[in-house]
Amino acid sequence: AAMNGTGGVVLGANAAINGTLTLTNGNITLGTNNLSLATSSTGSVASHIITNGAGNVVVKALAASNTRTVPVAVDAASYNPVVIAANAGHTTDDITVRILQGVFINGSSGNQFVDVVVNKTWIINETVAGGSDVNVTLQWTASQELPRFDRTKCYVTQSINGTWQSTTGTSA
């Protein structure tokens, strides 16, 4: 399947692409619908998947030692892909991905941070709880870094029951 047109398309229902999705020009907007992908897909600012609602990109059957790129953003003007690399001990599972504008103090609710963070929240979940062993790489632009963000002390963290987990930062 290919996306190569001006403007793009808005999904009216859930959709699945069993082959390769080639994103050249224009965006696919999910809204409340899911788009399932069987393989990796590369994108760009000119062409990516917009997760502007409750809809997710579903990375189908991510198996041990596989790597998938998920070309997502919150709108047409940004581009914030996720690379998910499954380690050898990973149990095959479907992984859902979407991105939100801002970072919420309570994980997905409450006030938003106004400094120190990249102003995006990537929501990444396994379909079957337990068994996932993955490395996640996130991409953002300098303009998406809020004041006092320190690239020498970066880390990816997760919110568990509304509490952000602390960890040690390293250089981005």
Side-chain angles (χ1 to χ4, degrees), residues 1-87 90 92-104 107-108 112 117-127 132-146 149 151 154-159 171-172:
M3 178 70 234
N4 189 11
T6 57
V9 298
V10 177
L11 289 187
N14 291 339
I17 298 175
N18 295 321
T20 300
L21 173 61
T22 303
L23 295 163
T24 305
N25 191 35
N27 300 307
I28 299 171
T29 302
L30 300 186
T32 59
N33 301 298
N34 292 336
L35 176 61
S36 297
L37 300 178
T39 65
S40 242
S41 179
T42 58
S44 66
V45 171
S47 190
H48 53 269
I49 302 165
I50 297 174
T51 63
N52 63 335
N56 291 287
V57 175
V58 181
V59 177
K60 295 298 286 181
L62 179 67
S65 302
N66 285 169
T67 299
R68 303 271 186 89
T69 300
V70 186
V72 292
V74 297
D75 56 35
S78 56
Y79 181 57
N80 301 103
V82 175
V83 177
I84 303 171
N87 294 308
H90 174 77
T92 299
D93 199 353
D94 294 348
I95 308 292
T96 61
V97 176
R98 69 184 166 107
I99 185 169
L100 303 174
Q101 179 63 38
V103 180
F104 296 89
S108 59
Q112 292 186 19
V117 300
V118 171
N119 202 27
K120 305 288 180 191
T121 299
W122 290 262
I123 309 237
I124 303 169
N125 286 303
E126 58 191 352
T127 300
S132 290
D133 183 359
V134 300
N135 293 335
V136 174
T137 304
L138 309 172
Q139 180 178 315
W140 66 88
T141 62
S143 66
Q144 296 167 347
E145 297 169 357
L146 292 180
F149 178 79
R151 288 187 184 180
C154 296
Y155 56 89
V156 174
T157 187
Q158 70 183 110
S159 176
S171 197

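- At least one side-chain heavy atom of Gln144 sits under 4.5 Å from a side-chain heavy atom of Asn80.
- Counting only distance, with no hydrogens or angles, the side chain of Thr32 and the backbone of Gly55 share no donor-acceptor pair below 3.5 Å.
- Distance check: Thr51 OG1 to Leu30 CG gives 6.5 Å after rounding to the nearest 0.5 Å.
- Counting only heavy atoms from C-beta outward, the side chains of Phe149 and Cys154 approach each other to under 4.5 Å.
- Using modelled atom types, one side-chain atom of Asn52 and one backbone atom of Gly31 make a donor-acceptor pair closer than 3.5 Å.
- Arg68 contributes no side-chain N or O that, together with a main-chain N or O of Ala86, makes up a donor-acceptor pair within less than 3.5 Å.
- Side chains of Asn119 and Gln101 form a contact here, defined as non-hydrogen atoms less than 4.5 Å apart.
- Using modelled atom types, no side-chain atom of His90 and backbone atom of Asn66 make a donor-acceptor pair closer than 3.5 Å.
- The structure places CD1 of Ile17 at 5.0 Å from CG of Leu35, a figure rounded to the nearest 0.5 Å.
- In this structure, Ile50 and His48 have side chains that are in contact, with non-hydrogen atoms separated by less than 4.5 Å.
- Annotation: salt bridge (Lys or Arg N to Asp or Glu O under 4.0 Å) contacts of Lys120 (sequence neighbours excluded): none.
- Side-chain N or O atoms of Asn14 include none that pairs as donor or acceptor with a backbone N or O of Asn33 at under 3.5 Å.
- Between Leu23 and Ser41 there is a side-chain heavy-atom pair separated by less than 4.5 Å.
- Residues satisfying the side-chain hydrogen bond (donor to acceptor under 3.5 Å, both in side chains) criterion with Ser143, sequence neighbours excluded, are Thr141.
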When you look at Leu37 and Ile49, which way does the side chain to side chain contact (heavy atoms under 4.5 Å, CB included) test go after all the steps? CA-CA 11 Å; Leu37 300 178; Ile49 302 165; 4.1 Å; yes
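- Here the side chains of Val82 and Val57 are not in contact, with every heavy-atom distance at 4.5 Å or above.
- Atoms NZ and CD1, from Lys60 and Ile95 in turn, are 11.0 Å apart once rounded to the nearest 0.5 Å.
- Residues Ile28 and Leu21 form a side-chain contact, since some pair of their non-hydrogen atoms from C-beta on lies under 4.5 Å apart.
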